[in-house]
Amino acid sequence: MEVSIIGTGYVGLVTGACLAAVGHGVTCVDHVAARVETISRGRTPFFEPGLQDLVARTVAAGRLSATADLIGAVRASEVTLIAVGTPDNAGEIDLSQIEAAARAVGAAIVEKDAYHVVAVKSTVTPGTTEGIVRRRLEEASGKRAGEDFGLCMNPEFLREGSAVEDFMHPDRIVVGAFDARAAEVFARLYAMFDCPKPVVSLTNAEFVKYASNAFLATTISFANELAGLCEATPGADAEVVLDGLHLDKRLSPVLDGIRVQPGILHYLRPSSGFGGSCFPKDLTALRAFARERRLPTPLIDAVDQVNAARNEAVLAMAEARIGPLADRQVAVLGLAFKAGTDDLRHSPAIELVLGLLARGAHVAVYDPVATDLARPVLGEKVVYADTAMTAIEGADVVVIGAAWPQWRDLDWAKAMTVMRGAVVFDARNSLRDFPLPDGLTRLGIGAGRRAISA
């Protein structure tokens, strides 16, 4: 099947490369010439594990290409996926890119006689696909959805850092279909994937995506509110408490005598909060959606409030236990919103850096893939290190900002010799149960402890 995809961000390019990998012909469309050129050379414009190899192989095989010619790409395909951004704009979802893409796709199918299916892949509030997207497509094409062209909503469930794995081995593929014929086309598109494939209404498909992200964000904020209580209670440890919670068979069932630990348990851990391109903006959009309908969302509001306060609470706890951070040299390891990605959007680690600077600390930073990307965000306020060890040199305190596995491979004995202090503040608990050398103190989160001397 020939597929065109509008947008080459995390969702668009991962979707394109994976569909090409299973045998479809895919053309990715972007108005940014540099992105088109990069993909055409078999390269990726951002970091995502496994994606570089996939793009290189599918471009070389002639199944994946990139272009700025939207009209040509749409007319040469059977299905068009719209995967453009839907950012937050002053507390409201910004649908301008969705509208523009729908108009452009509509204009492209004016002269097309063959049945064409248009699907929204972007995260949009309920009613968007059947409302504004359908209207723009019909206005621009002069055709009618369900008769002259198909319309679907196909939400993505890709986690940055494991997006390729998530796409190739999905737990579900949800298809919101305006008409039965469009649903049949999507059944062919995803025929090679073995997983539940519910076909629902457009609105329900949109709601499934928001329900998923709101639920996951809720588990994180629940764990962090509990962590805050434990941090204020000497002798308490949220990790131990949550370990006990995880043993509930409704969370980790025992099957054939073996306890299964599902992925949701990873969200029920203390942290410095959630970030990234999805949870913050999607919660904001869902709250705005509810306000338009004059409905309160006290639980979702609280999830957002707990997350917004968590970073400051984590820094306050650190300062209470290691003393004032003013004029201290601090090394921050990890800047992306989580390990496995170079995405800095709403990154708790960046917020930690800003909080340290506000307290008067002198900060050096390092991330395995995102150090240079942080320059436009942090400017000249920090020192950008080429390696983790360089960042650590002369540091009074090392802060773990993102839980990259590389920190466990770091030569911590050598680190002790180049540090000025002897404290590692683990804001992601990534070194929990990891044996640091004697004399190097790890201060984690979620535990009530006495103050220590740096």
Side-chain angles (χ1 to χ4, degrees), residues 85-94 123 125 159-160 209-232 238 242 266-292 295-320 325 332 334-339 341 343-359 361 363 370 374 377-378 381 399-403 425-429 444-447:
T86 54
D88 169 51
N89 182 15
E92 305 278 347
I93 187 171
D94 183 351
T123 301
T125 44
R159 298 167 297 168
E160 290 183 39
K209 174 62 176 181
Y210 278 98
S212 298
N213 281 358
F215 172 70
L216 294 174
T218 299
T219 63
I220 295 170
S221 283
F222 168 75
N224 280 333
E225 187 160 294
L226 181 66
L229 290 171
C230 289
E231 288 160 359
L242 289 168
H266 295 300
Y267 295 83
L268 281 168
R269 286 293 179 194
S271 69
S272 52
F274 58 77
S277 63
C278 294
F279 290 0
K281 80 172 180 67
D282 290 351
L283 286 183
T284 297
L286 193 55
R287 293 169 69 194
F289 178 80
R291 285 197 305 271
E292 290 174 1
L295 291 173
T297 53
L299 177 58
I300 297 173
D301 293 348
V303 169
D304 207 24
Q305 291 160 10
V306 169
N307 193 64
R310 181 58 181 161
N311 225 294
E312 180 63 25
V314 164
L315 277 175
M317 183 205 71
E319 198 163 40
L325 294 166
V332 177
L335 298 172
F337 86 91
K338 68 173 185 176
T341 180
D343 197 343
L344 299 174
R345 286 174 288 184
H346 298 283
S347 171
I350 292 292
E351 292 300 317
L352 281 174
V353 172
L354 295 175
L356 289 165
L357 293 170
R359 284 167 164 77
V363 182
V377 180
L378 298 173
K381 301 174 185 176
V399 174
I400 304 297
F425 175 51
D426 189 357
R428 306 302 292 192
N429 277 4
I445 58 173

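One-based numbering along the sequence shown.
Ring geometry for Y267 versus F279: interplanar angle of 30 to 60°, hence tilted.
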Applying side-chain contact (heavy atoms from CB on, under 4.5 Å) to V353 and L357, what does each step give before you reach the verdict? CA-CA 6 Å; V353 172; L357 293 170; 4.1 Å; yes
Assess whether side-chain contact (heavy atoms from CB on, under 4.5 Å) is satisfied between L352 and V332, documenting all intermediate values. CA-CA 9 Å; L352 281 174; V332 177; 5.7 Å; no
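Residues forming a salt bridge (Lys or Arg N to Asp or Glu O under 4.0 Å) with R428 (at least two apart in sequence, or on another chain): none. Residues forming a salt bridge (Lys or Arg N to Asp or Glu O under 4.0 Å) with D343 (at least two apart in sequence, or on another chain): R345. By the salt bridge (Lys or Arg N to Asp or Glu O under 4.0 Å) test, R269 pairs with E239, D243, sequence neighbours left out. Evaluation of the ring-ring contact (aromatic ring centres under 6.0 Å, His included) rule for F425 yields no partner, not counting sequence neighbours. For E319, the salt bridge (Lys or Arg N to Asp or Glu O under 4.0 Å) partners two or more places apart in sequence, or in a different chain, are R359. Remark: I300 engages L283, L286, R287, T297 in a side chain to side chain contact (heavy atoms under 4.5 Å, CB included) (not counting sequence neighbours).
Here the OG1 atom belonging to T86 is positioned 12.0 Å from the CG atom belonging to N89, to the nearest 0.5 angstrom. With rounding to the nearest 0.5 Å, the separation of CG in N307 from OG in S272 is 9.0 Å. Here the CZ-CE distance, from R310 to M317, works out to 7.0 Å after rounding to the nearest 0.5 Å. If you take CG on L356 and CG on L315, they are separated by 5.0 Å, rounding to the nearest 0.5 Å. Between the CD1 atom in I445 and the OG atom in S271 there is a gap of 6.0 Å [rounded to 0.5 Å]. Remark: L335 CG to L378 CG distance equals 7.0 Å, nearest 0.5 Å.
At a threshold of 4.5 Å between non-hydrogen side-chain atoms, the residues I220 and L216 do not count as touching. Side-chain contact between F274 and V303 is present, with heavy atoms from C-beta onward closer than 4.5 Å.
Here the shortest heavy-atom pairing between G334 and A349 reads O-CB, 3.3 Å. Of all the heavy atoms in T284 and D88, the pair that sits closest is CG2-OD1, 3.3 Å. Contact record, A223 with P270: CB-N, 4.5 Å, taken as the closest heavy-atom pair. Taking each heavy atom of G273 and P348 in turn, the nearest pair found is O-CG, 3.2 Å. Here the shortest heavy-atom pairing between I93 and T123 reads CD1-O, 3.9 Å. Across all non-hydrogen atoms, the minimal contact from V314 to A427 is CG1-CB, 4.3 Å.
A distance-only check finds no donor-acceptor pair linking the side chain of D282 to the backbone of Y210 [under 3.5 Å]. S221 contributes no side-chain N or O that, together with a main-chain N or O of T218, makes up a donor-acceptor pair within less than 3.5 Å. The main-chain N or O of G446 is found under 3.5 Å from a side-chain atom of E231 such that the two form a donor-acceptor pair. Checked by atom type and distance alone, the side chain of K338 pairs as donor or acceptor with a backbone atom of E160 at under 3.5 Å.
Heavy atoms from other residues, nucleotides or ligands lying under 6.0 Å from CD of E92 number more than 12.
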